[in-house]
Amino acid sequence: MNIDEQLELLTARHVDLFSAGELKRKLAAAAKEKRGLRIKYGADPSAPDIHLGHAVGLNKLREFQDAGHTVVFIIGDFTGMIGDPSGKSATRPALSREQVSANAESYKQQVFKILDPEKTEVRFNSEWLGGMKFEDVIRLSAHVTVAQLLARDDFSKRYADNRPISLVEFLYPLVQAYDSVMVKADVELGGTDQLFNLLLGRELQKVYGQEPQVVMTLPLIEGLDGVQKMSKSLGNYVGINESAKEMFGKLMSVSDELMWKYFLHILCRKPAEIEAMQAGVASGELHPRAVKDELGRCVVDRFLGEGEGQKASEEFARIFAQKELPDDMPDVKLSGETGIIDLVVKAGFAPSNSEARRLIQQGGVRINDEQISDVKAVIKPVDGMILKVGKRKFARIVC
RNA sequence: GGUAGGGUACCGAAGCGGUCAAACGGGGCAGACUGUAAAUCUGCUGGCUAUGCCUUCGAAGGUUCGAAUCCUUCCCCUACCA
């Protein structure tokens, strides 16, 4: 691949890029010296669940790796104690050493579903931050002004609205920028919310006499609700370690408009290909459901193995289109007649009797496909009876 | 240190002596419909041995027949001025 081809591939799908010219120069220099660039990517250690939102960035990293570059994957075990400013809480409980290493293992296991382990350098930022003295922190802080930090959109807005900004939050971008200095990053990748932090890395590298890193941001994709960014705390995410059934089902619940974004950023489909599908749907030739089915199958295959997507798709069609029973469902053991409320609670489908009562009254409870709407109904258990609550909760009764 | 404004259910936010298990919005759940766990529409959304009872509006006391609402003390948060 020549430099221009590489550049085109590597910059696809980006939002911000500072700058294409610099990247090109770096690529050329690296090629000449027969070395790879160092691509930095930071991860927060407190939530070791990688989801499809992360896949957007990881996919890009993989493209860099395939082009011969090295990914420096930084696990922010130290910054994790601070908490990212975009979050609600300014501070988080510090993680213990064991937690950090357990999370790190979990991270690697997930991340390497996308990244090439051979071309990944995993680092913890406590490595260099942990040993810093307060004096060092002061010296580091001296390089940045409050005005610079207030330039960050999130900060300036909060400041203007008289909403609190904690001092640690101010420190966060600084620390992240310092990471870039320490790992001598050539390029840093992040979500668009990271733009400020990434750019500060450039400033700090200059202060430390390094060539500033190229900064590239990728979009934050919306989660299942189609509105909010995909995130663990909002619960609108698809984890890459979830079961095929869950993963497929969640993807099918994505709105028709949003699925195109997933094709682009999660599956890295070519824009032309996506436009062709969109045209197909618009003309009525292609059914949106079929397109979404393909999305589901491809994503499941990608993370859980070839063929898993097909299986998940078939099971989904069986349960929701043909209203048949799933392959496996939990057992509920009954020993004698049981009130319907008790049964629903016992199966774990309602957290309280009141909730179970509501479900029954709303017609959401079925036994052997027969709606039970009487709250006082008593069930005579028969081995193999099927309890269904809502559209997707099933249990088999055993006695 | 001073001044002002706050702490209400999963979240945001009304309520400011009874009609408050607490408006409204979001989220969640259920139903209808469908092309699907899309979209849309409707309903529900503290708990219980359930036409009643119990616990909840930062905490503890108090006033009152009656408090999320008034008083006292305390805890916490925020902004502004020093």
Side-chain angles (χ1 to χ4, degrees), chain A residues 52 87-91 155-167 169 222-238 242-263 277-278 280-282 284-297 299-300 309 312-324 326 338-342 344-345 347-366 369-378 387-394:
Chain A
L52 296 185
K88 281 179 214 154
S89 57
T91 53
F155 287 153
S156 61
K157 271 200 193 115
R158 284 202 277 165
Y159 191 67
D161 294 351
N162 279 353
R163 276 182 293 137
I165 302 168
S166 128
L167 189 56
E169 293 184 82
E222 288 84 2
L224 300 175
D225 54 273
V227 181
Q228 306 262 50
K229 301 303 167 206
M230 185 176 284
S231 83
K232 194 187 180 193
S233 55
L234 291 170
N236 62 353
Y237 70 106
V238 183
E242 294 192 66
S243 70
K245 201 170 150 182
E246 279 295 302
M247 198 181 270
F248 188 88
K250 283 183 176 181
L251 286 166
M252 289 302 272
S253 81
V254 158
S255 73
D256 290 355
E257 306 89 82
L258 185 59
M259 70 177 169
W260 305 116
K261 249 186 204 172
Y262 284 22
F263 268 109
M277 285 192 285
Q278 286 173 318
V281 168
E285 226 168 281
L286 255 176
H287 200 294
R289 188 192 179 285
V291 176
K292 210 179 289 176
D293 186 73
E294 182 181 341
L295 173 72
R297 277 185 286 119
V299 173
V300 171
S313 165
E314 283 164 16
E315 167 131 341
F316 185 89
R318 250 207 346 270
I319 297 171
F320 297 107
Q322 285 139 50
K323 309 230 188 290
E324 288 176 15
T338 309
I340 186 68
I341 293 182
D342 275 355
V344 170
V345 172
F349 294 158
S352 68
N353 288 3
S354 299
E355 183 68 33
R357 182 183 302 265
R358 260 176 239 127
L359 286 167
I360 295 160
Q361 284 166 342
Q362 290 178 136
V365 175
R366 285 162 192 275
D369 222 30
E370 191 184 324
Q371 198 175 70
I372 308 288
S373 47
D374 178 10
V375 171
K376 294 208 174 76
V378 172
L387 169 70
K388 184 182 180 192
V389 175
K391 285 190 182 63
R392 49 197 163 115
K393 291 195 279 272
F394 296 87

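Lettering follows sequence order; numbering is per chain, from 1.
Minimum interatomic distance between Lys250(A) and Leu224(A) (heavy atoms only, all atoms of both residues): O-CD2, 3.4 Å.
Near RNA chain B, meaning a heavy atom under 4.0 Å away, the residues from residues 249-256 of chain A are Gly249(A), Met252(A), Ser253(A), Val254(A), Ser255(A), Asp256(A).
Rounded to whole Å, the separation between the C1' atoms of rG58(B) and rC53(B) comes to 27 Å. For the C1' atoms, the distance from rA30(B) to rA23(B) is 23 Å, rounded to whole Å. For rC29(B) and rG18(B), the C1' atoms lie 33 Å apart once the distance is rounded to whole Å. Taking atom C1' in both rG52(B) and rA60(B), one finds a spacing of 31 Å when rounded to whole Å. Between rA67(B) and rU63(B), the two P atoms lie 11 Å apart (nearest whole Å). Nucleotides rC81(B) and rU72(B) are separated by 29 Å at their P atoms, to the nearest Å. Rounded to whole Å, the separation between the C1' atoms of rA4(B) and rC11(B) comes to 27 Å. Nucleotides rG15(B) and rA22(B) are separated by 8 Å at their C1' atoms, to the nearest Å.
Considering only residues two or more places apart in sequence or on other chains, Gln371(A) meets the side chain to side chain contact (heavy atoms under 4.5 Å, CB included) condition with Arg366(A). By the side chain to side chain donor-acceptor pair (under 3.5 Å) test, Glu257(A) is found to be paired with no residue, residues two or more places apart in sequence or in another chain being considered. Shown here are the salt bridge (charged side-chain N to carboxylate O under 4.0 Å, His left out) partners of Glu324(A), two or more places apart in sequence or in another chain: Arg318(A). By the salt bridge (charged side-chain N to carboxylate O under 4.0 Å, His left out) test, Lys388(A) is found to be paired with no residue, residues two or more places apart in sequence or in another chain being considered. Scored by the side chain to side chain donor-acceptor pair (under 3.5 Å) test, Thr338(A) finds no partners at all (sequence neighbours excluded). Residues forming a side chain to side chain donor-acceptor pair (under 3.5 Å) with Arg357(A) (at least two apart in sequence, or on another chain): none. Contacts of Lys391(A) classified as salt bridge (charged side-chain N to carboxylate O under 4.0 Å, His left out), with partners at least two apart in sequence or in another chain: none. Here Phe316(A) pairs with Phe248(A), Phe320(A) under the ring-ring contact (aromatic ring centres under 6.0 Å, His included) rule; sequence neighbours left out. Remark: Asp225(A) pairs with no residue by the salt bridge (charged side-chain N to carboxylate O under 4.0 Å, His left out) rule, at least two apart or across chains.
At a threshold of 4.5 Å between non-hydrogen side-chain atoms, the residues Tyr237(A) and Leu52(A) do not count as touching. Within the 4.5 Å cutoff, side-chain heavy atoms of Leu387(A) are placed close to those of Phe349(A).
In this structure, Met247(A) places its CE atom 22 Å from P of rU36(B), rounding to the nearest Å. One atom, NZ of Lys292(A), and another, P of rU34(B), lie 17 Å apart when rounded to the nearest Å. Rounded to whole Å, the distance from NZ on Lys393(A) to C1' on rG28(B) is 10 Å. We find that CZ of Phe316(A) is positioned 14 Å from P of rG35(B), with the value rounded to whole Å. Across the protein-nucleic acid pair, Lys391(A) atom NZ and rU34(B) atom P stand 12 Å apart, rounded to whole Å. With rounding to whole Å, Arg392(A) atom CZ is found 10 Å from rG28(B) atom P. Distance Leu295(A) CG to rU36(B) P: 16 Å, rounded to the nearest Å. Note: CG (Leu224(A)) to P (rG26(B)) measures 19 Å, nearest angstrom.
Along RNA chain B, the nucleotide nearest to His287(A) and the one nearest to Gln228(A) differ in position, and the one closer to the 5' end is contacted by Gln228(A). Along RNA chain B, the nucleotide nearest Ile319(A) and the nucleotide nearest Gly364(A) are compared for position; the residue whose nucleotide lies closer to the 5' end is Gly364(A).
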Using a cut-off of under 3.5 Å, enumerate the N/O to N/O pairs linking the protein to nucleotides 47-50 of chain B.
residue	atom	partner	partner atom	Å
rG47(B)	OP1	Ser352(A)	OG	2.8
rG47(B)	OP2	Arg358(A)	NH2	2.5
rC48(B)	OP1	Asn353(A)	N	3.1
rC48(B)	OP2	Asn353(A)	N	3.3
rC48(B)	OP2	Ser354(A)	N	2.7
rC48(B)	OP2	Ser354(A)	OG	2.6
rU49(B)	OP2	Asn353(A)	ND2	2.8
rA50(B)	N6	Arg357(A)	NE	3.2
rA50(B)	N6	Arg357(A)	NH2	3.1
rA50(B)	N1	Arg357(A)	NE	2.9

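The partner of rC74(B) is rG58(B), judged by Watson-Crick or G-U wobble contacts that both fall below 3.5 Å. Both distances falling under 3.5 Å, in either a Watson-Crick or a G-U wobble arrangement, occur for no nucleotide opposite rA67(B). Across all strands shown, rU40(B) forms a Watson-Crick or G-U wobble pair, both distances under 3.5 Å, with rA32(B). In this structure, rU45(B) and rG27(B) make a Watson-Crick or G-U wobble pair, each of the two defining distances being under 3.5 angstrom. Under the Watson-Crick or G-U wobble criterion, with both distances below 3.5 Å, rA79(B) is paired with rU3(B).
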Which letter, B, S or -, goes with each nucleotide of nucleotides 20-25 of chain B from 5' to 3', with contact meaning a protein heavy atom under 4.0 Å?
------

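Between Arg297(A) and Glu294(A), no side-chain nitrogen of the basic residue sits less than 4.0 Å from a carboxylate oxygen of the acidic one, so the salt-bridge criterion is not met.
In the interface, the side chain of Gln362(A) is paired with the base of rG43(B) through a donor and an acceptor atom under 3.5 Å apart.
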